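Remarks on the structure that follows.
Chain letters run A, B, ... following the sequence lines, proteins first and then strands; every chain starts at 1. Computed from a predicted model, the values in this text were never measured in an experiment.
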2 protein chains.
Amino acid sequence: MSRFLSNATNRIDAKGRVSVPAGFRAVLSQRGIQELYCLQDFIFPAVSVGGPDLLDRYERQIASVDPFSVEANRMSLLIHGGGVFMRLDAEGRLMVTDFIRDFTGISTEVTFVGRSDHFQLWQPQAFHEAQAAAREGRSSSRPG
Amino acid sequence: MSRFLSNATNRIDAKGRVSVPAGFRAVLSQRGIQELYCLQDFIFPAVSVGGPDLLDRYERQIASVDPFSVEANRMSLLIHGGGVFMRLDAEGRLMVTDFIRDFTGISTEVTFVGRSDHFQLWQPQAFHEAQAAAREGRSSSRPG
DNA sequence: TGGGACCATATGGGCGTCAATGGGAATGGC
DNA sequence: GCCATTCCCATTGACGCCCATATGGTCCCA
């Protein structure tokens with residue numbers, strides 16, 4: 001089973017580091033991912049984290065349009081300019097930078113959320129609310 | 001990873017110099033780029049910086065359109081008339097000239113923005129706004 | 001079945017290194 | 001000679017690397 005699943009909340013220490021859940025680290029090493037590509041989600045106040053293949057997927061989208069177009073320029077601004085490469089330290093922790101804090105509202109704790117081929121960083125409260133809202137939306141349109 | 005990615009904001013000192021982020025400098029040296037070519041972005045108030053190949057790419061773009069068109073004329077004016085060559089000093093800093101300040105609105109700080117094969121200089125606030133606007137435009141679509 | 005050894009994960013913090021920054025001195029153009 | 005750029009060196013503050021401790025759970029064995 002090599003997918004990012006479930007969620008966990010960990011504390012940020014005095015230096016601004018947080019441990020990536022062991023389960024997620026296992027998936028990373030299983031997939032041979034050493035360099036993490038992080039990007040702000042387009043919909044939720046969350047930062048997506050995955051391997052270079054995550055970036056590749058977005059770049060293929062850019063490549064599909066005229067490289068000098070306004071649309072390509074905008075996409076590159078988000079994907080390249082808004083993306084960040086990160087590495088875990090020896091203990092499997094990552095730095096929670098201002099880049100992450102500002103966009104997610106994270107301050108003292110991080111909720112790691114599995115998304116199959118990548119995972120996300122959420123402010124715990126925001127995650128619970130978004131999840132509750134998603135559940136609402138589904139149960140109202142599809143009872144059962 | 002041999003691409004210009006992510007963004008970082010650095011201060012301009014009293015002499016008008018600013019440090020290019022170490023990550024970007026690493027990409028430059030890896031690509032053997034010593035002379036930097038700078039030109040104005042066609043869409044955003046930003047200055048693009050790259051190796052001589054950046055100039056080549058734009059010239060090919062001009063060549064691909066009607067040489068007598070308004071578009072070709074305008075591009076040539078920006079690329080050939082507005083382009084500038086620069087070098088980094090021993091510490092990896094570059095001079096923020098009036099050419100850069102006037103076009104970008106940069107005054108005390110510079111945001112370096114990765115664009116995969118080149119990088120850009122932005123006024124920090126302008127970058128955040130442009131990125132937020134671009135995200136708005138894309139919030140409805142997601143990659144497959 | 002209860003206690004305890006053992007283990008893995010999460011967390012805390014010391015310390016060295018390097019990047020970012022500041023400023024003096026030398027250089028060169030006008 | 002004056003101003004602007006370039007070269008060189010000093011400072012400092014952040015980050016990476018390392019080791020120590022806490023915490024909770026599991027397994028083994030009496």
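- Taking atom CG of residue A/Leu88 and atom P of nucleotide C/dT11, one finds them 14 Å apart after rounding to whole Å.
- With contacts defined as side-chain heavy-atom distances shorter than 4.5 Å, the pair B/Arg135/A/Phe103 qualifies.
- Ring geometry for B/Phe119 versus B/Phe4: interplanar angle of 30 to 60°, hence tilted.
- Taking a cutoff of 4.0 Å between a charged side-chain nitrogen and a carboxylate oxygen, A/Arg25 and A/Glu91 do not qualify as a salt bridge.
- In this structure, CE of B/Met95 is placed 13 Å from P of D/dC7, rounded to the nearest angstrom.
- Every residue two or more places apart in sequence or in another chain was checked for a side-chain hydrogen bond (donor to acceptor under 3.5 Å, both in side chains) with B/Arg101, and none qualifies.
- Here C/dG13 presents its P atom at 15 Å from CG of A/Asp89, a figure rounded to the nearest Å.
- We find that CZ of B/Phe112 is positioned 13 Å from C1' of C/dA19, with the value rounded to whole Å.
- Atom P of nucleotide D/dC15 and atom CZ of A/Phe99 are separated by 15 Å, given to the nearest angstrom.
- A salt bridge links B/Asp117 with B/Arg57: the distance from a Lys NZ or Arg NE/NH1/NH2 to an Asp or Glu carboxylate oxygen falls below 4.0 Å.
- Going from atom CG of A/Leu94 over to atom P of C/dA10 covers 12 Å, rounded to whole Å.
- A/Asn10 and A/Arg93 share no donor-acceptor pair across their side chains, judged by distance under 3.5 Å alone.
- Within 3.5 Å, no donor on the side chain of A/Glu91 pairs with an acceptor on the base of D/dC17, nor the reverse.
- Rounded to an integer number of Å, the gap from CZ of A/Arg93 to P of D/dC18 is 13 Å.
- Contacts between residues 11-25 of chain A and DNA chain D, counted as heavy-atom distances below 4.0 Å, involve A/Lys15, A/Arg17.
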